[in-house]
Undergrad: 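Starting off with a structure, shown below.
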Amino acid sequence: FDFSKQTQRKVPVKAMADIQFRKQYGFIGETLVSPKYVTISGPYEDVANIEYWETDTIRGKDVFTDLRTVAYLNKNQKANINVYPTSVEVLMPVGELTEKIIELPLKVENNTHFKYVRTMPSKVAITVLMSVKDYNNYTARDFEAVVDINDWEGAKVKYLPVILTKVPDFCSILRVEPQNVDFFVRK
């Protein structure tokens, strides 16, 4: 007999995947799971520590179209916990990817002690891998490149590294040119 206090609650489902894509293809959107939440029940001390519940791993090779499947929920996470429902529908949006070069103005962060900081060059070019269908939707406004003047004040570095602080979901940065910039400071 199990005399521990029983409880139940809803937790989000996390779709696990091991996908190999055809060349120039990849995920182009948020993975959709239906239902998004499952009800777990069991001993209070076990249920209280569970933040999400994983599906069994969804596998695919040479994938180039959306993946739509029914995935069973992983039973190996805890033996004494019941899960309902036992499966979910999963949709993983897949599409063709392409490269886009975007020129970004550089912003200077943490400039509190100086009248003027100028970077050389004042812009960087980033090469982004993105969905073909989103190619015309993304512009320089969707990305942000900065240099931190504290890097120079603290470590007295000769060049400032370029840091990307804003990148949209499902876009990956392939290159930033230049990666480091020269600068002038006026007190």
Side-chain angles (χ1 to χ4, degrees), residues 1-100 102 109 126-139 141-146 148 150 161-176:
F1 288 103
D2 183 6
F3 293 110
S4 59
K5 185 174 186 231
Q6 298 290 303
T7 189
Q8 74 175 27
R9 71 180 199 143
K10 288 185 176 239
V11 293
V13 176
K14 187 174 183 181
M16 304 306 292
D18 177 16
I19 308 294
Q20 271 85 52
F21 297 100
R22 185 175 284 182
K23 190 172 172 58
Q24 289 297 109
Y25 284 82
F27 290 124
I28 60 167
E30 200 69 45
T31 295
L32 303 174
V33 177
S34 179
K36 290 181 181 178
Y37 292 85
V38 291
T39 302
I40 58 174
S41 59
Y44 176 81
E45 55 277 356
D46 290 337
V47 170
N49 294 330
I50 296 173
E51 297 299 317
Y52 58 86
W53 199 270
E54 295 177 352
T55 65
D56 286 341
T57 302
I58 300 163
R59 299 182 194 286
K61 283 195 167 105
D62 196 36
V63 174
F64 62 95
T65 60
D66 289 352
L67 272 175
R68 188 181 300 267
T69 187
V70 172
Y72 288 96
L73 295 169
N74 189 326
K75 294 177 190 69
N76 300 339
Q77 290 180 27
K78 291 261 191 221
N80 55 348
I81 292 192
N82 295 317
V83 183
Y84 181 81
T86 56
S87 64
V88 293
E89 285 184 38
V90 179
L91 171 64
M92 297 175 166
V94 174
E96 191 173 1
L97 303 176
T98 189
E99 291 182 13
K100 183 174 187 175
I102 299 173
E109 282 191 338
I126 60 171
T127 305
V128 184
L129 190 63
M130 65 176 59
S131 147
V132 168
K133 75 176 186 62
D134 289 333
Y135 188 85
N136 292 325
N137 298 345
Y138 290 126
T139 64
R141 284 190 307 274
D142 300 303
F143 299 84
E144 186 176 71
V146 301
D148 189 345
N150 283 346
V162 175
I163 305 160
L164 293 176
T165 55
K166 186 173 147 193
V167 177
D169 291 341
F170 305 104
C171 288
S172 48
I173 304 301
L174 301 177
R175 277 184 299 287
V176 178

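We number each residue from 1, following the sequence as shown. No hydrogens, no waters, no symmetry mates; every other heavy atom, side chains included, goes into these values.
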Undergrad: Taking the side chain as C-beta and beyond, is there a heavy-atom pair between Phe143 and Val167 under 4.5 Å?
TA: yes
Undergrad: Can you find a pair of side-chain heavy atoms, one from Ile173 and one from Val128, that are under 4.5 Å apart?
TA: yes
Undergrad: Quick one: NZ on Lys61 to CZ on Arg22, what's the gap to the nearest 0.5 Å?
TA: 14.5 Å
Undergrad: Test your reading of the model: is there a side-chain donor-acceptor pair from Asp134 to the backbone of Ser131, 3.5 Å cut-off?
TA: no
Undergrad: For the residue pair Lys10 and Tyr37, would you count it as a cation-pi contact if the rule is NZ or CZ under 6.0 angstrom from the ring centre and within 45 degrees of the ring axis?
TA: no
Undergrad: Are the side chains of Pro43 and Lys5 in contact, using a 4.5 Å heavy-atom criterion?
TA: no
Undergrad: Under 3.5 Å, is there a donor-acceptor pair linking the side chains of Asn49 and Glu51?
TA: no
Undergrad: Please report the interatomic distance CD(Glu45) to OG1(Thr7), rounded to the nearest 0.5 Å.
TA: 10.5 Å
Undergrad: Under a plain distance cut-off of 3.5 Å, with no hydrogens placed, do Thr39 and Gln8 share a side-chain donor-acceptor pair?
TA: no
Undergrad: Once rounded to the nearest 0.5 Å, what's the spacing between atom CG of Asn74 and atom OG1 of Thr57?
TA: 7.5 Å
Undergrad: State, to 0.1 Å, how close Val13 and Pro35 come at their nearest heavy-atom pair, and which atoms those are.
TA: CG2-O, 4.0 Å
Undergrad: Which atom pair, heavy atoms only, marks the closest approach of Tyr138 to Cys171?
TA: CE1-SG, 3.5 Å
Undergrad: Could you check whether atom CD of Glu89 has more than 12 heavy atoms from other residues, nucleotides or ligands sitting under 6.0 Å from it?
TA: no
Undergrad: Just by distance, do the side chain of Thr69 and the backbone of Ala71 share a donor-acceptor pair under 3.5 Å?
TA: no
Undergrad: CE/Met16 to CH2/Trp53 distance, rounded to the nearest 0.5 angstrom?
TA: 13.5 Å
Undergrad: Check each of Thr86, Thr55, Val83, Val33 against Val38 using the side-chain contact (heavy atoms from CB on, under 4.5 Å) test, and report the only one that passes.
TA: Val83
Undergrad: Taking the six-membered ring of Tyr135 as reference, does the cationic atom of Lys100 (NZ for Lys, CZ for Arg) lie under 6.0 Å from its centre and within 45° of its axis?
TA: yes
Undergrad: State, to 0.1 Å, how close Ile19 and Ile58 come at their nearest heavy-atom pair, and which atoms those are.
TA: CD1-O, 3.6 Å
Undergrad: Got a donor-acceptor contact below 3.5 angstrom from the Asp66 side chain to the Val94 backbone?
TA: yes
Undergrad: Could you tell me whether the side chain of Thr31 reaches within less than 4.5 Å of the side chain of Val90, counting heavy atoms only?
TA: yes
Undergrad: Distance from Lys75 atom NZ to Tyr72 atom OH, nearest 0.5 Å?
TA: 8.0 Å
Undergrad: Any sub-3.5 Å donor-acceptor pair from Gln24's side-chain atoms to Glu96's backbone N or O?
TA: no
Undergrad: How many angstroms lie between atom CE of Met130 and atom OG1 of Thr127, to the nearest 0.5 angstrom?
TA: 10.5 Å
